[in-house]
Colleague: 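Pasting in a structure now, in structure tokens, and then I'll have a few things to ask.
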Amino acid sequence: MKAIRFHQFGGPEVLKYEEIDGPSLSEGELLIKIGACGVNFIDTYQRTGAYKVDLPHIAGQEAAGEVVGMADDVSGFKLGDHVAFTGTPYAYAEYMTVLAEKAVKLPPTVSDKEGAAILLQGMTAHYLVHSTFALQKNQTCLIHAAAGGVGLLLVQMAKMQGARVIGTVSTEEKAILARDAGADEVILYTQQNFVTEVMKLTEGKGLPVVYDSVGKTTFENSLDCLEPRGYMVLYGQSSGRVDPMDPQILNAKGSLFLTRPSLNSYALTRKEIEWRASDLFNWISSGRLKVHIDSARHLSEAAEAHEALESRKTTGKVILIP
Ligand code: NDP
């Protein structure tokens, strides 16, 4: 089968489209003919070596497709089902195996493309809004990179909670997308000081929560947007790692809370995965949640997809089609 592998860490050019042996089933697993795979920032961190993986490594960890084989001990699935999953390595390929306990069945109303586009980023937006800081009606939140993959979903889910959403984006085009997703206010953080703007918009009060996926370039200023006892939810580092900090700063800025969450800790049980995934699929099926797919490239163009994601050229989700 064809797959995207890298034999050394580096830039997008290390991603090679290669012919390799297909996977074989082990206990508890499904064999999937992949219909679409999701491209995520974590794939770029693994490719550069920022997150260590063994080499050579098949990139990717999110996909959707058809069940074409099952281990004898698997129940609850049948051949021909379409499923989606995340947190499982080797997804940039034509076939892969996945533990059945990690896969969720796609309803007929959700395609493989939507399944691969929504699971990781959608479950992330879901836990951020429902579990990390459970947003309440009429609270105001700040969402950085609001036109990004997680960003557009987070804006929509925050609005479903009845919150007021302030988004940040780098360009006018992205501002339009963030507004279309429901953002009440959009700040061009490449041109405006977002702390000043947030303070204007909240009449000097500050915010109960900031959802920050940008990291290095936004972190410190994000702390200054919070009201006393506010929540700094740092869930990504698209601009680079945040420098180490003295916890005393949290005291000085008003007894703030700081968390650095990840999806793994918010998808701990089958029940939790099913709760988040079924909410996503129901909302997509009813039209309440829009999945914005930036581009669907052929699998062989994985390097171009990484390049686009890392250079801020994308909005919404990037997927690859084997
Ligand atoms: P995005 O689609 O949000 O792409 C990143 C965006 O960040 C860019 O489009 C850009 O938006 C903004 N950005 C600001 N500065 C930079 C920079 N220097 N380089 C690149 N981008 C920059 O990506 P995802 O939605 O896939 O992921 C967003 C972040 O969330 C990533 O850091 C990812 O690792 C993290 N994440 C964390 C999860 C978790 O559970 N903790 C799960 C999923 C993702 P703009 O041009 O508007 O500034």
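Ligands are counted one by one from 1 in listed order, and the atoms in each one are counted from 1 as well.
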Colleague: Could you verify whether a donor N or O on one side chain and an acceptor N or O on the other, from Asn221 and Tyr189, lie under 3.5 Å apart?
Modeller: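 There is no such pair (donor and acceptor under 3.5 Å, judged by atom type) between the side chains of Asn221 and Tyr189.
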Colleague: Might you work through the salt bridge (charged side-chain N to carboxylate O under 4.0 Å, His left out) test for Glu274 and Lys271, ending with a clear yes or no?
Modeller: CA-CA 5 Å; Glu274 283 178 357; Lys271 200 172 160 201; over 6 Å; no
Colleague: Any idea which atoms of ligand 1 are less than 4.0 Å away from a heavy-atom of Val169?
Modeller: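 Result: 47 (O).
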Colleague: Measuring from non-hydrogen atoms of Ala147 to any atom of ligand 1, is the shortest distance under 4.0 Å?
Modeller: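 For ligand 1, residue contact (heavy atoms, under 4.0 Å) with Ala147 is absent.
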Colleague: Where on Leu263 is there a heavy atom closer than 4.0 Å to ligand 1, on the side chain, on the backbone, on both, or on neither?
Modeller: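 Within the 4.0 Å criterion, Leu263 contacts ligand 1 through backbone and side-chain atoms alike.
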Colleague: Going by the closest heavy atom to atom 41 (N) of ligand 1, which one wins out of Tyr235, Tyr189, Tyr211, Tyr51?
Modeller: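 Going through Tyr235, Tyr189, Tyr211, Tyr51 one by one, Tyr235 has the nearest heavy atom to atom 41 (N) of ligand 1.
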Colleague: Is there a donor-acceptor pair under 3.5 Å between the side chain of Asp184 and the backbone N or O of Val165?
Modeller: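 Pair found, side chain donor or acceptor close to backbone of Val165.
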Colleague: Under a 3.5 Å threshold, yes or no: a donor from one side chain and an acceptor from the other, between Thr168 and His144?
Modeller: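 On atom types as modelled, these side chains qualify, holding a pair under 3.5 Å.
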Colleague: Which ligand 1 atoms does Thr124 reach within 4.0 Å, using its non-hydrogen atoms?
Modeller: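 The atoms of ligand 1 under 4.0 Å from a heavy atom of Thr124 are 38 (C), 40 (O), 42 (C), 43 (C).
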Colleague: Quick test: of every protein heavy atom, which one is nearest to atom 11 (O) of ligand 1, and how far off is it to 0.1 Å?
Modeller: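 Answer, as residue, atom name and distance: Lys174 NZ, 3.5 Å.
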Colleague: Can you see which heavy atom on His82 is nearest to which on Asp112, and at what distance?
Modeller: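 Closest pair (atom of His82, atom of Asp112, distance): ND1-OD1, 2.8 Å.
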Colleague: Would you mind checking which non-hydrogen protein atom is closest to atom 33 (C) of ligand 1, with the distance to 0.1 Å?
Modeller: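 For this ligand atom, the closest protein heavy atom is Phe41 CB, 3.5 Å.
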Colleague: Pairing donors with acceptors under 3.5 angstrom, does anything connect the side chains of Asn251 and Gln248?
Modeller: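 There is such a pair (donor and acceptor under 3.5 Å, judged by atom type) between the side chains of Asn251 and Gln248.
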Colleague: Which heavy atom of the protein is the closest neighbour of atom 24 (P) of ligand 1, given with residue, atom name and distance?
Modeller: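 I find the closest protein heavy atom is Gln121 NE2, 3.7 Å.
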Colleague: Have a look at ligand 1 and work out which part of Tyr266, if any, has a heavy atom under 4.0 Å from it: side chain, backbone, both or neither.
Modeller: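 Answer for Tyr266: neither.
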Colleague: Taking Lys2 for its side chain and Pro322 for its backbone only, find out whether a donor-acceptor pair lies under 3.5 Å.
Modeller: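 Side chain of Lys2 to backbone of Pro322: no pair is present.
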Colleague: Should the pair Lys317-Glu62 be classified as a salt bridge under the 4.0 Å nitrogen-to-oxygen rule?
Modeller: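 Counted as a salt bridge, because a side-chain N and a carboxylate O are separated by less than 4.0 Å.
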Colleague: At less than 4.0 angstrom from any non-hydrogen atom of Gln237, what atoms of ligand 1 do you find?
Modeller: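 Atoms satisfying the 4.0 Å criterion: 32 (O).
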Colleague: Which bit of Val214 gets closer than 4.0 Å to ligand 1, counting heavy atoms only: side chain, backbone, both or neither?
Modeller: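 Near ligand 1, Val214 shows its side chain, while the N, CA, C and O stay back.
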Colleague: Could you check atom 39 (C) of ligand 1 against the protein and tell me its nearest heavy-atom contact, residue, atom and distance included?
Modeller: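 Protein heavy atom with the smallest distance to atom 39 (C) of ligand 1: Tyr127 OH, 3.3 Å.
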Colleague: Between Arg276 and Asp279, is the closest basic N to carboxylate O distance under 4.0 Å?
Modeller: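 No, Asp279 and Arg276 are not salt-bridged.
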Colleague: To which protein heavy atom is atom 1 (P) of ligand 1 closest, and what is the distance rounded to 0.1 Å?
Modeller: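 Answer, as residue, atom name and distance: Gly149 N, 3.7 Å.
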Colleague: Who gets closest to atom 13 (N) of ligand 1 by heavy atom: Arg312, Lys216, Lys317, His292?
Modeller: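 Going through Arg312, Lys216, Lys317, His292 one by one, Arg312 has the nearest heavy atom to atom 13 (N) of ligand 1.
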Colleague: Nearest protein heavy-atom contact for atom 44 (C) of ligand 1: which residue, which atom, what distance?
Modeller: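 Result: Val150 CG2, 3.9 Å.
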Colleague: Under 4.0 Å from a heavy atom of Glu310: give me the atoms of ligand 1 that qualify, with their elements.
Modeller: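 By the 4.0 Å cutoff, the relevant atoms are 19 (N), 20 (C).
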Colleague: Cut-off 3.5 Å, side chains only: do Thr132 and Tyr266 have a donor facing an acceptor?
Modeller: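 A donor-acceptor contact under 3.5 Å links the two side chains.
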Colleague: Counting from 1, what ligand 1 atoms have a heavy atom of Gly236 closer than 4.0 Å?
Modeller: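 Once the distances to Gly236 are compared, the set is 32 (O), 35 (C).
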Colleague: Closest approach of Ala103 and Leu30, non-hydrogen atoms and distance?
Modeller: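 Smallest heavy-atom distance, with atoms named: CB-CD1, 3.9 Å.
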Colleague: With clusters defined by side-chain heavy atoms of hydrophobic residues (ILVMFWY) lying less than 4.5 Å apart, directly or transitively, does Val129 cluster with Val210?
Modeller: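 No, Val210 and Val129 fall in different hydrophobic clusters.
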Colleague: Number the atoms of ligand 1 from 1 as they appear, then name those within less than 4.0 Å of a heavy atom of Gly148, with their elements.
Modeller: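 By the 4.0 Å cutoff, the relevant atoms are 1 (P), 2 (O), 3 (O).
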Colleague: Would you please determine whether Tyr45 falls within less than 4.0 Å of ligand 1 on a heavy-atom basis?
Modeller: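 It does, in that a heavy atom of Tyr45 comes within the 4.0 Å cut-off of ligand 1.
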Colleague: Backbone, side chain, both or neither: what part of Leu120 comes under 4.0 angstrom of ligand 1, heavy atoms only?
Modeller: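 Within the 4.0 Å criterion, Leu120 contacts ligand 1 through side-chain atoms alone.
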Colleague: Out of all atoms in ligand 1, which are within 4.0 Å of some heavy atom of Ser262? Include the element for each.
Modeller: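 Answer for ligand 1: 39 (C), 40 (O), 41 (N).
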Colleague: Which residue and atom name correspond to the protein heavy atom nearest atom 6 (C) of ligand 1, and how close is it?
Modeller: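 The answer is Ala145 CB, 4.0 Å.
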Colleague: Could you tell me whether the side chains of His7 and Glu18 share a donor-acceptor contact shorter than 3.5 Å?
Modeller: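 Indeed, the side chains of His7 and Glu18 share at least one donor-acceptor pair under 3.5 Å.
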Colleague: Does the side chain of Leu226 reach to within under 4.5 Å of the side chain of Tyr231, using non-hydrogen atoms?
Modeller: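 No, their side chains stay 4.5 Å or more apart.
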Colleague: Considering heavy atoms of the protein only, find what lies nearest to atom 47 (O) of ligand 1 and give residue, atom and distance to 0.1 Å.
Modeller: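 Among all protein heavy atoms, the one nearest atom 47 (O) of ligand 1 is Ser170 N, 3.0 Å.
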Colleague: With respect to atom 19 (N) of ligand 1, which of Pro261, Ala178, Ser238 exhibits the smallest heavy-atom separation?
Modeller: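 The residue whose heavy atom sits nearest atom 19 (N) of ligand 1 is Ser238.
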